[in-house]
Amino acid sequence: MRAGTCPRCRTGEVLAVLRLPRSWTNTSGSLVRGTRDVLLCARCDADDPLAGPVVTYFAVHGRARPEDAALLAACLLRWIDGARPPEPDERALRAETEAWHRGDL
């Protein structure tokens, strides 16, 4: 997969990445700190009301332009305010685990 390619659809272009802090307690009781990424994909998120304006901006202009910094920042901030990490797909995880046990991976 080339850099900037969406891992969800494998065809869309990643326009933005929001890195959110995340922490959890492991089985030994220690706090583990990490991050989770939320991607904004030109293809997957085009119909999302919060991401749509960012997708449209890049579809029209191709790249961020200095004269549009305030407009683009406002669009990105609206997306950031509503962005949430995707929930794990339990069925996909189970299928991948089964494939690994069978030796198919």
Side-chain angles (χ1 to χ4, degrees):
M1 183 167 46
R2 73 179 202 280
T5 301
C6 175
R8 290 177 284 168
C9 67
R10 303 229 187 281
T11 59
E13 182 179 354
V14 174
L15 302 174
V17 178
L18 175 61
R19 186 155 283 163
L20 298 171
R22 179 175 183 241
S23 62
W24 64 95
T25 303
N26 65 17
T27 55
S28 65
S30 298
L31 182 66
V32 179
R33 295 181 194 277
T35 60
R36 267 185 104 172
D37 292 347
V38 180
L39 305 178
L40 193 158
C41 170
R43 181 174 184 211
C44 297
D45 299 316
D47 293 332
D48 180 320
L50 296 173
V54 179
V55 174
T56 300
Y57 177 89
F58 283 107
V60 170
H61 301 292
R63 61 180 26 209
R65 302 180 325 169
E67 62 269 25
D68 297 330
L71 169 67
L72 185 54
C75 292
L76 283 166
L77 287 172
R78 276 193 297 279
W79 171 68
I80 287 168
D81 283 344
R84 300 291 175 263
E87 291 297 318
D89 182 341
E90 293 294 330
R91 285 184 293 162
L93 178 59
R94 209 170 16 260
E96 188 171 328
T97 301
E98 291 168 3
W100 181 80
H101 283 287
R102 286 191 311 269
D104 294 341
L105 292 181

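Each residue takes its place number in the sequence, starting with 1.
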query: Which residue pairs satisfy the side-chain hydrogen bond (donor to acceptor under 3.5 Å, both in side chains) criterion with at least one member in residues 73-83, sequence neighbours excluded?
result: none
message: Give me each pair satisfying side-chain hydrogen bond (donor to acceptor under 3.5 Å, both in side chains) with a member in residues 89-102, each pair once, sequence neighbours excluded.
response: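 Applying side-chain hydrogen bond (donor to acceptor under 3.5 Å, both in side chains) to every pair that reaches into residues 89-102, excluding sequence neighbours, yields R102-D104.
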query: CZ/R36 to CG/L18 distance, rounded to the nearest 0.5 angstrom?
result: 12.0 Å
query: When rounded to the nearest 0.5 angstrom, what is the spacing between CG in L20 and CD1 in I80?
result: 9.0 Å
Listed pairs under 3.5 Å, donor-acceptor, residues 40-56 side chains, sequence neighbours left out:
from: R43; atom 1: NH1; to: T11; atom 2: OG1; distance (Å): 2.6
from: D45; atom 1: OD1; to: R8; atom 2: NH1; distance (Å): 3.3
from: D45; atom 1: OD2; to: R8; atom 2: NH2; distance (Å): 2.9
from: D45; atom 1: OD2; to: C41; atom 2: N; distance (Å): 2.7
from: D48; atom 1: OD1; to: L50; atom 2: N; distance (Å): 2.7
from: D48; atom 1: OD1; to: A51; atom 2: N; distance (Å): 3.3
from: T56; atom 1: OG1; to: G52; atom 2: O; distance (Å): 2.9

field: ring-ring contact (aromatic ring centres under 6.0 Å, His included) against F58, all qualifying residues, sequence neighbours excluded
entry: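 ring-ring contact (aromatic ring centres under 6.0 Å, His included) check on F58 returns nothing, list empty.
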- line: On a heavy-atom basis, the closest approach of L39 and P7 is CD1-CD, 3.3 Å
query: What is the minimum heavy-atom distance between V38 and R84, and which atoms define it?
result: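 Looks like CG2-C, 3.7 Å.
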- prompt: Judged by atom type as modelled, is there a donor-acceptor pair below 3.5 Å linking the side chain of D68 to the main-chain atoms of L72?
  reply: no
message: Suppose clustering is done on Ile, Leu, Val, Met, Phe, Trp and Tyr with side-chain heavy atoms closer than 4.5 Å. Which residues sit in the same group as W24?
response: V32
message: For R22, give me all partners under salt bridge (charged side-chain N to carboxylate O under 4.0 Å, His left out), at least two apart in sequence or on another chain.
response: none
